[in-house]
Amino acid sequence: MSKELYIYNSLSRNKDLFQPLNTPHVGLYVCGPTVYANVHLGNCRTFMFFDVVYRYLTHLGYKVRYVRNITDVGHITSTFDDGVDRIGQQARLEQLEPMEIVQKYTNYFHEMMRVFNNHSPSIEPTATGHMIEQIEMIKKILDQGFAYEVNGSIYFDVQAYRAKYPYGELSGRNVEELYENTRTLDGQDEKKFFADFALWKAASPEHIMRWPSPWGEGFPGWHLECSAMSTKYLGEQFDIHGGGMDLKFPHHESEIAQNTACCGKGPVKFWMHSNMLTVNGQKMSKSLGNSFLPHELFAGDHPLLEKGFGPQVVRFFMMQAHYRSTLDFSNEALSAAEKGYERMMAAYMAIDECKPATQSEADIDALEAKCYAAMGDDFNTPILIAELFEAVRLINGCKNGQQALTADQLVQLKRIMTHFLRDVMGLQTPESAGNVELPNIMMDAVFEVRKGLKEKKDYATADMLRDAFSSRNIVLKDTKEGGEWTYEKK
RNA sequence: GGUCCUGUGGCCGAGCGGCUAGGCAGAGCUCUGCAAAAGCUCGUACAGCGGUUCGAAUCCGCUCGGGACCUCCA
């Protein structure tokens with residue numbers, strides 16, 4: 001069975017065959033959040049997708065080192081010229097220390113990552129914890145002649161860089177066109193060239209977050225931390241760098257320039273970019289006021305939400321779209337995903353109840369191959385899910401006695417579902433967390449009584465019993481053997 | 001203004017030159033005391049107009065619509 005993996009590389013604009021630089025090791029770096037506010041659902045989509053990348057590579061047998069940073073140094077906002085950064089600004093607003101802000105929103109971020117069932121990265125470095133590495137990197141870039149100092153700030157020299165290396169390859173931008181549309185930003189007058197960007201900024205007196213450096217007190221520039229930390233933990237060149245589409249320019253473009261200026265070569269083999277989550281066709285973002293916080297979605301506590309949806313349903317919903325497409329959020333779409341997710345999971349849990357046949361026409365090997373083919377085609381989770389619904393059909397058919405499956409095939413189906421649903425897509429079964437053993441025993445008694453009533457044709461009492469549970473959001477379903485019960489969502 | 005992406009049936013979403021995507025919703029049937037679940041069967045598609053081709057949702061051009069980036073952003 002082919003388990004080749006093709007990945008769409010933003011740099012080559014092609015689906016390229018994935019081969020690690022140093023098999024079986026894979027280096028994966030993903031740009032993490034800036035912790036000055038709660039992560040919203042759009043952010044979560046990106047991290048959930050790269051969690052699947054991490055999981056699938058691991059599933060294929062690679063030894064993956066997954067690095068995802070925490071940006072805990074505020075970037076300068078574009079509207080202010082006074083050296084106020086996002087974290088510092090939020091700290092003033094909430095009357096907290098900057099590091100309290102950082103801790104508060106890091107905690108929320110971690111909590112949400114856990115709730116969505118993302119694996120922790122192998123390393124989660126912070127920008128503030130890597131000041132020395134960042135300063136060292138600036139020194140190297142200066143030594144190579146690709147940066148210059150002005151008033152205690154260091155700028156990247158795009159002109160000098162362009163004389164030797166191409167700039168703008170990733171984002172497809174060319175500097176001449178950029179010039180027409182560049183706004184006047186902080187430090188513009190200090191720069192030699194409009195497209196130069198800061199590696200180090202001298203701190204103004206009121207700036208709170210500051211560190212000593214060879215050029216005076218200041219703080220690192222916008223894009224440096226990722227370059228410094230990816231190099232430290234994954235080496236000068238590594239396999240995959242991921243992030244949201246909106247980071248392509250200028251963030252990732254600058255990273256390439258910094259690393260190349262420093263080490264003479266591009267840092268990353270595969271650049272991957274996940275697309276945005278939209279609401280009514282527009283990018284979900286804080287400034288547009290159309291973003292949900294995960295806990296609001298779970299509780300249904302938001303004007304745009306008709307009801308709440310569990311984290312696993314949300315994850316399933318996200319998996320039903322390809323990561324390079326925008327995904328539009330709506331109550332209807334979430335509800336549809338919820339039904340589908342429940343049907344999928346019900347079938348998964350019903351495999352053990354199937355009675356095996358001695359012979360079967362079904363081709364489970366082909367099904368499994370299709371699942372790998374879907375994932376191998378640039379992590380196509382929507383197709384994977386479509387294939388898994390084929391498995392659902394087989395399982396349900398087998399349960400009804402309409403589909404013959406051998407014992408081996410049932411084992412194989414269970415393995416496929418476990419691998420792809422749980423291990424690769426990171427989906428959990430609905431009630432798996434709680435202990436359902438005791439309720440099950442009690443419900444068996446209920447079904448026994450109901451069976452007796454039905455045999456006596458006392459349907460009125462049988463219905464009364466069912467209604468009594470129904471009013472408590474527990475649905476009874478009759479089967480040949482007795483019955484099944486589920487919690488009903490409101 | 002520049003660069004790029006996108007427009008699929010009631011909804012969400014794959015596919016991107018010939019082959020059923022899938023889910024949800026809807027219709028019919030089977031099963032069933034009823035119900036639910038499940039299985040089977042079935043509608044309604046590829047924004048519009050041209051072109052290339054034996055053949056186009058899929059390639060090209062134009063028109064119209066939506067979006068992202070160009071400024072911190074997943």
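Proteins get letters first, then strands, A, B, ... in listed order; numbering begins at 1 in each.
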Return the nearest nucleotide to the side chain of [X]; candidates are [options].
X	options	answer
A:Phe317	B:C12, B:G23, B:A68	B:C12
A:Lys283	B:C72, B:A14, B:C69	B:C69
A:Arg450	B:A14, B:C73, B:C34	B:C34
A:Phe389	B:G22, B:G39, B:G33	B:G22
A:Gln282	B:G67, B:G33, B:C72	B:G67
A:Ala386	B:A74, B:C12, B:A21	B:A21
A:Leu327	B:G13, B:A36, B:G33	B:G13
A:Glu332	B:C12, B:A36, B:C11	B:C11
A:Ala333	B:G22, B:A21, B:C12	B:C12
A:Ile383	B:C34, B:A21, B:U71	B:A21

Comparing A:Glu387 and A:Gly397 on RNA chain B - which has the more 5′ nearest nucleotide: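 It is A:Glu387 whose nearest nucleotide is closer to the 5' end.
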Between A:Thr479 and A:His322, which has a closest nucleotide on RNA chain B that is more 5'?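 That would be A:His322.
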Touch check for [X], heavy atoms < 4.0 angstrom, all strands: base, sugar-phosphate only, or nothing?
X	result
A:Lys399	nothing
A:Leu388	nothing
A:Met284	base
A:Gly42	base
A:Phe249	sugar-phosphate
A:Asp463	base
A:His40	base
A:Gly242	nothing
A:Leu334	nothing

According to a strict under-4.0 Å criterion, is [X] in side-chain N/O contact with OP1 or OP2 of [N]?
X	N	value
A:Thr326	B:A68	no
A:Lys339	B:A25	yes
A:Asn380	B:G15	yes
A:Lys370	B:A21	no
A:Arg324	B:C5	no
A:Asn400	B:G39	no

Is the charged tip of A:Arg68 near the ring of A:Phe50: under 6.0 Å from the six-membered ring centre and within 45° of its axis?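 Judged by the rule (NZ or CZ under 6.0 Å from the ring centre, within 45° of its axis), A:Arg68 is not positioned above A:Phe50.
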Within 45° of the ring axis of A:Tyr155 and under 6.0 Å from its six-membered ring centre, is that where the NZ or CZ of A:Lys201 lies?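 No, cation not above the ring by the 6.0 Å, 45° rule.
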What interatomic distance, in whole Å, is found between [atom1] of [M] and the corresponding atom of [N]?
N	M	atom1	answer
B:A68	B:A27	C1'	41 Å
B:G10	B:C5	P	29 Å
B:G13	B:G7	C1'	13 Å
B:A74	B:C69	C1'	14 Å
B:A35	B:G67	P	47 Å
B:C62	B:C70	C1'	27 Å

Does some side-chain heavy atom of A:Ile87 sit less than 4.5 Å from a side-chain heavy atom of A:Thr71?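 The answer is no, as the side chains (C-beta and beyond) never meet within the 4.5 Å cut-off.
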Using whole Å, what does the distance between atom [atom2] of nucleotide [N] and atom [atom1] of [X] come to?
X	N	atom1	atom2	answer
A:Lys477	B:A36	NZ	C1'	7 Å
A:Leu277	B:A74	CG	C1'	10 Å
A:Met344	B:A37	CE	C1'	17 Å
A:Leu384	B:G15	CG	P	13 Å
A:Phe420	B:G22	CZ	C1'	16 Å
A:Asp328	B:G7	CG	P	13 Å
A:Met276	B:A68	CE	C1'	8 Å

Looking only at heavy atoms, which two atoms of A:Glu387 and A:Cys371 are closest? And how far apart?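 Minimum heavy-atom contact is CB-SG, 4.0 Å.
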For the residue pair A:Phe156 and A:Phe193, is the inter-centroid distance of their aromatic rings smaller than 6.0 Å?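 When the ring centroids of A:Phe156 and A:Phe193 are compared, they turn out to be at least 6.0 Å apart.
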Is the A:Phe47-A:Phe116 ring centre distance short of 6.0 angstrom?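 Centroid separation for A:Phe47 and A:Phe116: 6.0 Å or greater.
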Classify the side chain of [X] versus the base of [N] as yes if they form a donor-acceptor pair under 3.5 Å and no if they do not.
X	N	value
A:Asp458	B:G33	no
A:Arg393	B:C40	no
A:Arg173	B:C70	no
A:Arg343	B:A37	no
A:Asp85	B:C72	no

Tell me whether the count of non-hydrogen atoms from other residues, nucleotides or ligands lying under 6.0 Å of NZ in A:Lys454 goes above 12.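 Count over threshold, so yes.
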Residues A:Arg315 and A:Asn118: side-chain donor-acceptor under 3.5 angstrom: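 Short answer, yes.
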Is the shortest side-chain N to carboxylate O distance from A:Glu342 to A:Lys339 below 4.0 Å?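 A:Lys339 and A:Glu342: not salt-bridged.
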Is the glycosidic torsion of B:G22 within 90° of 0, making it syn, or is it anti?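 It is anti.
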A:Asn43 side chain to A:Gly32 main-chain N or O, any donor-acceptor pair under 3.5 Å?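 Not confirmed, A:Asn43 side chain does not pair with A:Gly32 backbone.
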Mind checking whether A:Tyr29 and A:His241 have parallel, tilted or perpendicular rings, split at 30° and 60°?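 The rings of A:Tyr29 and A:His241 sit tilted, inter-plane angle from 30° to 60°.
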Using 30° and 60° as the class boundaries, would you call the ring planes of A:His252 and A:Trp271 parallel, tilted or perpendicular?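 Because their plane-to-plane angle lies in the 30° to 60° range, the rings of A:His252 and A:Trp271 count as tilted.
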Base-pair string, RNA chain B, Watson-Crick plus G-U, cut-off 3.5 Å on both distances, | for inter-strand, is (((((((..(((.....[...))).(((((.......)))))....(((((..]....))))))))))))....
